[in-house]
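Structure first, then comments.
The first residue in the sequence is number 1, and the count goes up from there. Worth knowing before you read on, the calculation uses all heavy atoms, side chains too, and leaves out hydrogens, waters and symmetry mates.
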Amino acid sequence: MPARETDSQQPMREVVERQLLDDAASTFRTMFERSGTGKAVLNKSGIIVMANEALARLVDMNVREIEGKHSWFEFVAETDRKKAQDYHNLRRSHPGLAPERYEFTLVDQNGGSHDIEINVAVFPGTDLSLLSLIEVTHLKTAQEMGRLTRFAVENAGEAIFWLNEKGAVLYANGAASRLLGYNLGGIMSLTIQDIDIGTPRKEWKKRLTELKQSGSSTWESEYRRKDGRVLPVETILSFIQLGDKHYYWVFARDVSDRVQADVREKQLQSELNLSGRLASVGELAAGVAHEINNPLTGIIGFSERLLRKCADEKMTTDLKRIHSEAQRAAKVVQNLLTFARQRQPKKEPVDVNDIVSESLELREYELRQRGITVITHLGELPCLMADYYQLEQVLVNLIINAEQAMARSGKGDRLIVTTGELDGYIVITVTDNGPGIEPKHLDKLFDPFFTTRADDGGTGLGLSICHGIVMEHGGRISASSELGEGTTFTVSIPLKGGSCPSPEA
Ligand code: ADP
């Protein structure tokens, strides 16, 4: 049975309770005053009856100036004031219905504004409430900066990826998905090892580990797009540690234009070298050809005379041999002179399609004999100022080369000739499905005397002559070939090399 309170115990209890209340009050006061959060005790109309230092600092006043003189609404920005009053009333009347935290803009004594998060809690059984204010300006700024950074990254012109420790893509921006031709979901299913094919897969582990030491590294590589195309890229890969998590950050730039420009420059350089070589060989050839021409004319003339006189059969055979070999040599000399002379083209308005048709007609018999099917795709072309016969010489040469390559190898039976206009150039292509050209020979094709047909009367001058003629027209000639598949020669001649007179002129 519980002991009953005696009369003497009553005053002692009051003392203890008062003591407890005093302790609670002093604890509350200490916590209130020392808190880093702005705090105020409000009466029911919102007047601040008690304020702490943190609040005073926030509104840029001192505690005494605030207490009893200001309602907290005065410190709320005018645009938020009504909202603040409603919030305050609702928190007091129906605390469960109002959100625990609310955000307002607070204006300090000097007009400076602060983003703050507020909480109003009612002291049970009193008219008083406790206001707590946390400044979130910096947090908001940081959040805003985060959002702005994200916006900048998402809209950056260069591709950016975040990778996890194993190289799996965690995030990619819009430029990255454009670069690789995937949608964002598609990229997220990839790893850097799938994308960057310029680095062997087994080296990736080592590379990622090394990055943890070096922090960052730059290199050129190749990325594979979704459509299979391979792009040359310049990349920076950096390592970042956040807490105990490891991430990689990749920055990639498509450098196709630069690589193409480099290739073009190399091509120009090699064309320049070739032109230089051709010019010096041309000079030499012209000198030699002249010297040989005279004795050759003598050999041909005298052998013909002897042939007419000779009755001896054996001697006649030998003389015929001398005569035909001398003629063969004369032909070579003639070619040499053509190559060396490379006269200025006599430009006149020409229709390149006419030249193509005429050249094919000239070779029609041989092509038919060899069972070669000819296909033409002749585009609509503007008139070109060019030397008709020189261009015909180029085309006939290319057609004969294709015929001979197919006949010699026994491979190929089709010749396709196309014409078209592209970016201010007339472009002619001659394609065969013959044996193709060995890659190591591709660079030498236009060199004078380069031939793989020496045993078959080849002089190696045909393509050098073509090259010279096309250059004289300000154009370019190139060959592309796949061994065993065939060869395409492309001739491009600029339309701006001279404009055709208008029909009325
Ligand atoms: P030639 O025909 O006297 O050998 P060219 O300068 O015309 O001299 O050609 C040089 C070489 O280029 C040829 O010997 C041949 O090896 C190669 N070539 C040219 N056209 C073709 C072609 N359509 N297919 C394969 N090889 C070719």
Less than 4.0 angstrom from a charged side-chain N to a carboxylate O is my criterion; do [X] and [Y] meet it?
{"X": "Arg408", "Y": "Asp455", "answer": "yes"}
{"X": "Glu165", "Y": "Lys212", "answer": "yes"}
{"X": "Arg258", "Y": "Glu234", "answer": "yes"}

When rounded to the nearest 0.5 angstrom, what distance separates [atom1] in [X] from [atom2] in [Y]?
{"X": "Phe104", "Y": "Lys83", "atom1": "CZ", "atom2": "NZ", "result": "6.0 Å"}
{"X": "Ser359", "Y": "Glu392", "atom1": "OG", "atom2": "CD", "result": "4.5 Å"}
{"X": "Asn293", "Y": "Ile300", "atom1": "CG", "atom2": "CD1", "result": "8.5 Å"}
{"X": "Phe239", "Y": "His246", "atom1": "CZ", "atom2": "NE2", "result": "4.5 Å"}
{"X": "Leu391", "Y": "Ile355", "atom1": "CG", "atom2": "CD1", "result": "4.5 Å"}
{"X": "Gln241", "Y": "Lys245", "atom1": "CD", "atom2": "NZ", "result": "12.0 Å"}

Side chains of Asp387 and His473: is there a donor and an acceptor less than 3.5 Å apart? no

Does one side chain, of Thr191 or Asp194, offer a donor that lies under 3.5 Å from an acceptor on the other? yes

Working for side-chain contact (heavy atoms from CB on, under 4.5 Å), residues Val250 and Leu163: CA-CA 8 Å; Val250 184; Leu163 312 174; 3.6 Å; yes

So which pairs with a foot in residues 307-328 pass side chain to side chain donor-acceptor pair (under 3.5 Å), sequence neighbours left out? Glu304-His323

In chain order, what residues pass the side-chain hydrogen bond (donor to acceptor under 3.5 Å, both in side chains) check against Arg207, with sequence neighbours excluded? Thr199

Checking [X] side chain against [Y] main chain: does a donor-acceptor pair fall under 3.5 Å?
{"X": "Ser217", "Y": "Leu237", "value": "no"}
{"X": "Asn155", "Y": "Phe151", "value": "yes"}
{"X": "Asn353", "Y": "Leu378", "value": "no"}
{"X": "Ser177", "Y": "Asn183", "value": "no"}
{"X": "Asn173", "Y": "Glu158", "value": "yes"}
{"X": "Tyr248", "Y": "Leu208", "value": "yes"}
{"X": "Arg225", "Y": "Leu179", "value": "yes"}

Report the relative orientation of the aromatic rings in Trp162 and Tyr247; use parallel for angles under 30°, tilted for 30 to 60°, perpendicular for over 60°. perpendicular

Could you label the plane-to-plane angle of the Phe446 and Phe489 rings as parallel, tilted or perpendicular, counting under 30° as parallel and over 60° as perpendicular? perpendicular

Identify the residue among Leu395, Val374, Val396 that makes a side-chain contact (heavy atoms from CB on, under 4.5 Å) with Arg363. Val396

Pairs in or reaching into residues 409-424: which pass salt bridge (Lys or Arg N to Asp or Glu O under 4.0 Å), with residues at least two apart or in two chains? none

When Thr490, Thr488, Thr418 are each screened for side chain to side chain donor-acceptor pair (under 3.5 Å) with Thr429, the one that passes is Thr418

Working note: Arg150 + Glu154, criterion salt bridge (Lys or Arg N to Asp or Glu O under 4.0 Å); need CA distance, chi angles, decisive distance, verdict. CA-CA 6 Å; Arg150 199 181 164 91; Glu154 262 158 22; 3.2 Å; yes

